[in-house]
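Everything below concerns the one structure shown next.
Below, read A as the first sequence line, B as the second, and so on, with proteins coming before strands; counting in each chain starts at 1.
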Amino acid sequence: MKKEISKTFDSATEELEIYKSWEESGLFNPDNMQKYLEDAGFTVKESFTITLPPPNANGAPHLGHMCGYAFHDAVGRFMRMTGHPTLLLPGKDHAGIQTETVFTKKLLSDGKDKQEIGREEFYKQCYEFCMENMQNAREHEQRIGLSADFSRELFTLDPKLTEVIYSTFYKMFEDGMVYRDKRIVNQCPHCMTALADIDTEHEEMRGIFAYIIYPFVEESDRQKAKEKFGVEGITVATTRPETMLGDTAVAVNPKDERYKEFIGKKVLLPIANREIVVIAEEDTDIELGTGALKVTPAHSPVDFEIGKKHSLDIVNVINEHGKMDGDIPERFKGLGTVECSKALCKELDESGLLVKIENIKHEVAVCERCHTPVEPIISNQWYLNVESLAKKALKALEEGEISVVPSGQQKALEHFYANIQPWCISRQLWWGQRIPVWYSGGKKLYDWLLENKGKTVEDFEKEFGQKVEGSGKIYLGEHEPKSENGEVWEQETDVFDTWFSSGQWPFSTLGGLEGEDFKKYYPTQMMIHGRDILFWWSARMIMFGLYRTEKVPFSLVLLTGIILAPDGSKMSKSKGNGVEPKEIFDKYGADALRMWYYSDALPGSNSPLREEKIKGNRNFVTKIWNASRFILMNMEESELKAISSTGIPQTERVEKTRDHVKKVKNYLEKNQFNLGVEAIREFFWHQLCDVWIEEVKSEIKEKKEGDEERVEKLAELLHILKENLKIMHPFVPFVTEAVWRELVDLGLADGLLMSQQIG
RNA sequence: GGAUGAUUAGCUCAGCUGGUUAGAGCACUACAUUCACAUUGUAGGGGUCAUUGGUUCAAAUCCAAUAUCAUCCACCA
């Protein structure tokens with residue numbers, strides 16, 4: 001007796017089971033897939049690889065991640081079904097600063113302090129924390145149907161990867177691209193680390209614009225100023241009065257008639273009581289404020305450049321905690337910048353040097369992660385000169401070795417490369433790959449010698465009145481070098497910027513340049529991710545790829561749309577408008593969610609989550625199940641054998657199906673997923689179901705069981721169904737595989753649908 | 001300040017290299033249907049394709065300007 005096929009496709013339970021059967025087949029592993037193709041006598045085409053974007057291991061993946069995987073998986077499945085041993089390589093990202101922040105908070109809520117447990121223990125616990133989260137992330141990936149080879153899964157802090165990352169660093173050092181430099185850098189006082197420019201965002205904030213008088217030193221100048229301006233000094237305007245304590249000049253535009261005669265004259269910096277000079281600087285905006293700019297090289301990127309140009313002194317007055325510090329009056333020490341600003345304004349007002357304070361709105365750079373305003377301060381950091389890499393990357397883009405979809409983003413990327421600045425790659429964190437450098441005699445000595453060209457270790461000892469044990473040289477390596485003549489090695493405490501390691505993802509995950517997988521599966525073919533990380537990630541991967549492998553790491557970057565909350569705003573934890581992927585899976589199933597992504601989350605679009613649309617796709621999934629079930633229901637057990645042994649009938653319907661498959665294949669090859677889903681929906685539903693099945697229904701109505709014509713018609717329908725299942729599989733893998741399984745049960749098909757070949 | 005993109009039905013968007021009455025999904029209206037369909041089917045309403053010029057036999061599609069929006073980049077004190 002033929003078994004009853006259940007009336008509905010219960011996605012919530014069936015999907016998990018189906019996924020298991022895929023996994024057990026081992027075909028997610030490209031080596032196995034290749035063998036399968038060979039054994040089955042198919043032509044084996046070139047391998048297809050995507051190193052999947054690793055989600056952060058510090059939390060649950062969101063709908064945006066799922067979206068990316070849906071696209072990856074559709075491509076992967078299609079490639080697998082067209083003869084390519086396919087590797088989708090999954091991983092998880094340690095996400096440096098973000099995870100350190102999250103985990104530190106977690107520790108705090110458990111009543112533990114990061115400093116107390118210490119660096120090693122922190123690292124260990126954080127690692128465990130990530131491992132736990134990884135499991136969760138993996139479950140999500142499998143839930144959406146991601147056909148990735150989890151036997152190759154990697155964590156970005158895996159020692160195997162670290163080895164590759166380090167070797168890149170060594171090579172870059174030898175090539176003179178990586179160096180230590182003392183310059184102005186964005187310091188996040190909350191995360192307590194330096195940040196690259198790209199790791200900051202700009203937010204509009206309310207601020208003040210204070211006009212302060214800097215009196216001239218010479219009596220004659222004071223008189224002239226008094227006549228000209230009504231006050232005995234030059235008035236500067238600033239949004240950050242507190243930085244005046246670190247001023248080392250006042251800049252005016254040489255074309256500015258008002259100040260021309262005062263260039264080279266000295267003014268007395270109020271409160272700090274230091275004499276500073278008025279300099280001519282062409283970049284000074286005559287129109288802005290008073291046209292006179294106070295110059296604080298230590299705490300403003302613009303001023304830093306001016307300072308460099310005019311060899312000005314650098315006076316640090318703010319420390320890495322964002323507190324007032326350094327050579328300033330005692331009463332200001334330890335104050336926050338805003339407090340200090342208030343205190344200063346009060347004193348200036350009392351001494352008649354404060355002209356006015358305007359309230360303004362202005363853009364302030366904030367830390368991308370914690371949104372604390374960053375403090376520009378001077379510090380020693382490791383830098384990577386990416387200019388030559390960017391040039392190569394730009395060339396690769398221009399020559400079409402890599403393309404970005406949508407193309408508008410490609411232009412943005414080109415612009416990024418064309419205007420790239422040295423990249424600060426060191427972070428004052430514990431969570432990440434520790435920079436493999438050792439300083440003989442200490443880090444301070446190395447930096448001092450770098451800063452004071454021509455000076456010696458002896459000079460350092462004299463300057464600081466202390467004896468040092470070491471040469472001031474550095475050693476590159478993971479482990480402490482042997483100590484000779486009692487020299488003391490100090491290990492670098494900083495870690496790499498997380499993008500320095502994830503930028504090498506396409507080859508580090510394949511075992512590095514010597515890896516077996518690297519030889520077989522590199523370069524990869526594609527990269528799919530949200531457009532929000534284009535500059536951070538793909539931009540870096542292209543540069544690293546070209547540098548280490550002399551090949552582009554992938555030839556296509558496909559940017560998915562952004563998934564928004566139902567009301568069109570950005571989903572965010574803080575707003576609480578996020579939707580858990582699990583909710584959608586449980587309610588509508590992965591196939592329905594996938595369909596929605598393909599039709600709505602197109603490159604360059606923003607898609608608010610619309611449940612009713614996912615519901616509509618769920619209906620389509622149900623339709624697939626039911627139509628298939630109906631076709632099978634019409635087959636009597638006694639006919640099965642005859643049906644399966646009937647050859648492919650040459651009918652108009654079969655012909656049209658062939659054209660349809662060709663069309664969808666074409667869409668998939670061009671990554672036009674939206675057109676693909678539209679086509680399969682239209683064809684399966686409104687052609688096969690609404691027309692053909694109805695036709696056949698009446699055609700066989702009068703025929704008796706076992707009638708030759710009846711068998712032929714059913715065989716035709718079966719063939720059409722199978723072709724449809726195959727071409728729909730990349731989009732809706734679960735339901736199609738479930739139907740296929742029913743076919744196998746009836747002896748009408750073999751194996752797994754995922755490994756069938758599309759003709 | 002710069003760059004890029006968008007502007008097509010109520011909503012989210014397709015519409016490739018210009019060519020018959022401009023499409024889909026969802027929503028909406030009417031009718032039918034429990035015949036496989038936690039429904040489905042049939043029919044239908046709804047758009048001066050942002051505005052204004054231009055190129056062309058022909059433009060939603062190419063060009064220019066304008067407006068609005070979005071995203072990204074940027075050191076304007």
(message) With no hydrogens and no angle check, just 3.5 Å: does a side-chain donor-acceptor pair link Arg594(A) and Asn617(A)?
(response) no
(request) Determine whether the side chains of Asp247(A) and Thr296(A) contain a donor N or O and an acceptor N or O closer than 3.5 Å. (result)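 Thr296(A) and Asp247(A) do have a side-chain donor-acceptor pair below 3.5 Å.
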Using only side-chain N and O atoms of [X], determine if any of them is under 4.0 Å from OP1 or OP2 of [N].
X: Arg618(A); N: G25(B); answer: no
X: Trp685(A); N: G41(B); answer: yes
X: Asn619(A); N: U39(B); answer: yes
X: Asn626(A); N: A38(B); answer: yes

Can you tell me how far apart [atom1] ([X]) and [atom2] ([Y]) are? Round to the nearest 0.5 Å.
X: Asn419(A); Y: Gln421(A); atom1: CG; atom2: CD; result: 8.0 Å
X: Leu675(A); Y: Leu668(A); atom1: CG; atom2: CG; result: 10.5 Å
X: Asp591(A); Y: Ser11(A); atom1: CG; atom2: OG; result: 8.0 Å

Would you kindly give the [atom1]-to-[atom2] distance between [X] and [N], to the nearest whole Å?
X: His686(A); N: U40(B); atom1: NE2; atom2: C1'; result: 11 Å
X: Gln409(A); N: U4(B); atom1: CD; atom2: P; result: 12 Å
X: Phe684(A); N: U40(B); atom1: CZ; atom2: P; result: 14 Å
X: Asp10(A); N: C37(B); atom1: CG; atom2: P; result: 17 Å
X: Leu714(A); N: A36(B); atom1: CG; atom2: P; result: 15 Å
X: Leu593(A); N: G25(B); atom1: CG; atom2: P; result: 20 Å
X: Asp690(A); N: A43(B); atom1: CG; atom2: C1'; result: 14 Å
X: Asn634(A); N: C37(B); atom1: CG; atom2: P; result: 12 Å

(message) Taking the basic N atoms (NZ, or NE/NH1/NH2) and the acidic carboxylate oxygens, is any pair closer than 4.0 Å for Lys697(A) and Glu694(A)?
(response)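 Salt bridge flag = yes for Glu694(A) with Lys697(A).
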(message) I need a per-nucleotide contact map over nucleotides 72-77 of chain B, read 5' to 3'. Cutoff is protein heavy atoms under 4.0 Å; write B for the base, S for backbone only, - otherwise.
(response) SSBBBB
(request) Scan nucleotides 11-18 of chain B nucleotide by nucleotide, 5' to 3', and note B when protein non-hydrogen atoms come under 4.0 Å of the base, S if they reach only the sugar-phosphate, - if neither. (result) SBSS----
(message) Quick check: Trp692(A) with Phe683(A) (ring centres under 6.0 Å apart)?
(response) yes
(request) Compute the ring centroids of Phe71(A) and Tyr597(A), then answer whether they are less than 6.0 Å apart. (result)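 No.
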(message) Quick check on RNA chain B: between Glu612(A) and Phe630(A), whose nearest nucleotide comes earlier from the 5' end?
(response)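 Upstream on the strand: Glu612(A).
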(request) Just need the stems in RNA chain B: three or more back-to-back Watson-Crick or G-U pairs, each with both distances under 3.5 angstrom, sorted by first number. (result)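 Stem segments, range with range: B:1-7 with B:67-73, B:10-13 with B:23-26, B:28-32 with B:40-44, B:50-54 with B:62-66.
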(message) Taking only the P atom of each, what is the distance from C75(B) to G25(B) in whole angstrom?
(response)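 Taking atom P in both C75(B) and G25(B), they lie 48 Å apart.
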(message) Taking the P atom in each of G47(B) and G10(B), what is the distance between them to the nearest angstrom?
(response) 7 Å
(message) Is the shortest side-chain heavy-atom distance between Ile276(A) and Val250(A) below 4.5 Å?
(response)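 Yes; the side chains approach each other to less than 4.5 Å.
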(message) What's Lys411(A) touching, base or sugar-phosphate or nothing? Going by heavy atoms closer than 4.0 Å.
(response) sugar-phosphate
(request) Under 4.0 Å between any heavy atoms, over every strand shown, what does Glu694(A) touch: base, sugar-phosphate, or nothing? Just pick one. (result)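 If one applies the 4.0 Å heavy-atom cut-off, Glu694(A) turns out to touch a base.
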(message) Looking at Glu612(A), I'd like to know if its CD atom is crowded, meaning that more than 12 non-hydrogen atoms belonging to other residues, nucleotides or ligands lie closer than 6.0 Å.
(response)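 Result for CD/Glu612(A): enclosed.
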(message) Around atom CD of Glu387(A), are there more than 12 heavy atoms from other residues, nucleotides or ligands closer than 6.0 Å?
(response)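 Atom CD in Glu387(A) is not crowded, with 12 or fewer foreign heavy atoms closer than 6.0 Å.
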(message) Under a 3.5 Å distance rule, please check whether Thr622(A) uses its side chain to pair with a backbone N or O of Arg618(A) as donor and acceptor.
(response)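 At least one qualifying donor-acceptor pair exists.
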